[in-house]
K.L.:
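Sharing a structure below in structure tokens format, with a few things to ask.
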Amino acid sequence: GAVVSQHPSWVICKSGTSVKIECRSLDFQATTMFWYRQFPKQSLMLMATSNEGSKATYEQGVEKDKFLINHASLTLSTLTVTSAHPEDSSFYICSASFGMSTDTQYFGPGTRLTVL
Amino acid sequence: AQSVAQPEDQVNVAEGNPLTVKCTYSVSGNPYLFWYVQYPNRGLQFLLKYITGDNLVKGSYGFEAEFNKSQTSFHLKKPSALVSDSALYFCAVRPAQFSSGSARQLTFGSGTQLTVLP
């Protein structure tokens, strides 16, 4: 149980284009989803927290107009990288939680984004 | 603000030997503590967590961790390492009590690369 999927697993795009990444909780309803960014050999940096049906809360330094997050249902959240540039190349990981105070975050497999 | 320290970037251990991956934390109030493992180009897999109760927590794949409040530590251990345990391990913390939704977020350590040598 508690499986989270991400699609696509990897994507290569040209500079200036937009890329959408999907995060789905397959066997549970996720009231909260988190989006992280990870650089090679580094830890996860939280980008934003999203609750179903409400606007995402972005961490300081994360451009909300560049990284659009939508959490339209209890099983799906999307991250859109708008007007991507090479510096946006990274490993993006989502996680989902049930919403209880003691809940565990369950992580997706990640999406490798390469911007040429 | 909460923080997590994993003092060792790299831990090497021979197969069959016990392993320890260290983690210390700082948080206001009581902590919720987590260990995750990451294999190359994959997301994080949950290993175990401490919420309350017994200080020794048992998790997946034979791993366990001991919560030590006085030393603010939550070291990950396994009695007998396997080559397949080689991966990147992350410790994470968040406060047990919080007043805002955003405080539910986890703060991760920098990660420890575990290599088990055959």
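Every chain is numbered from 1, with letters handed out A, B, ... down the list of sequences.
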K.L.:
Name the region of B:Gln38, side chain, backbone, both or neither, that has any atom closer than 4.5 Å to a heavy atom of chain A.
P.N.:
side chain
K.L.:
Can you tell me which of A:Arg112, A:Gln38, A:Met45 forms the most heavy-atom pairs within a distance under 4.5 Å of chain B?
P.N.:
A:Gln38
K.L.:
Should B:Leu76 and B:Tyr61 be counted in the same cluster of Ile, Leu, Val, Met, Phe, Trp and Tyr side chains packed under 4.5 Å apart?
P.N.:
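Shared cluster, yes.
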K.L.:
Are the side chain of A:Tyr106 and the backbone of B:Leu44 linked by a donor-acceptor contact shorter than 3.5 Å?
P.N.:
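Checking the backbone N and O of B:Leu44 against the side chain of A:Tyr106, no donor-acceptor pair under 3.5 Å is found.
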K.L.:
OG1 of A:Thr104 to CG of B:Leu47: how many Å apart, nearest 0.5 Å?
P.N.:
11.5 Å
K.L.:
Do B:Val11 and B:Leu19 sit in the same hydrophobic cluster, where Ile, Leu, Val, Met, Phe, Trp and Tyr count as joined when their side-chain heavy atoms come under 4.5 Å apart?
P.N.:
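Result: yes, single cluster for both.
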K.L.:
Determine whether A:Leu46 and B:Val93 fall in the same hydrophobic cluster, where Ile, Leu, Val, Met, Phe, Trp and Tyr are linked whenever their side-chain heavy atoms lie under 4.5 Å apart.
P.N.:
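As far as the 4.5 Å side-chain criterion goes, B:Val93 and A:Leu46 are not connected within one cluster.
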K.L.:
Rounded to the nearest 0.5 Å, how far does CD of A:Gln105 lie from CZ of B:Arg94?
P.N.:
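Output value for this atom pair is 8.0 Å.
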K.L.:
Begin from the C-alpha positions of B:Phe46 and A:Phe107 and carry the test ring pair (Phe, Tyr, Trp, His ring centres under 6.0 Å) through to its verdict.
P.N.:
CA-CA 8 Å; B:Phe46 169 72; A:Phe107 286 79; 9.7 Å; no
K.L.:
For B:Tyr39, is it the side chain, the backbone, both or neither that has a heavy atom under 4.5 Å from a heavy atom of chain A?
P.N.:
neither
K.L.:
Is there a path of hydrophobic side-chain contacts, each under 4.5 Å between heavy atoms, that joins B:Leu88 and B:Val21?
P.N.:
no
K.L.:
Is the number of heavy atoms from other residues, nucleotides or ligands under 6.0 Å of A:Lys66 NZ greater than 12?
P.N.:
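Yes, the 6.0 Å shell around NZ holds more than 12 heavy atoms from other groups.
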K.L.:
Treating Ile, Leu, Val, Met, Phe, Trp and Tyr as nodes and any side-chain heavy-atom pair under 4.5 angstrom as an edge, say whether A:Val11 and A:Trp35 lie in one connected cluster.
P.N.:
yes
K.L.:
Going by ring pair (Phe, Tyr, Trp, His ring centres under 6.0 Å), A:Tyr36 matches just one of B:Phe108, B:Tyr36, B:Phe90. Which one?
P.N.:
B:Phe108
K.L.:
Considering only heavy atoms and a distance below 4.5 Å, find which of A:Ser95, A:Ser43, A:Ser9 pairs most often with chain B.
P.N.:
A:Ser43
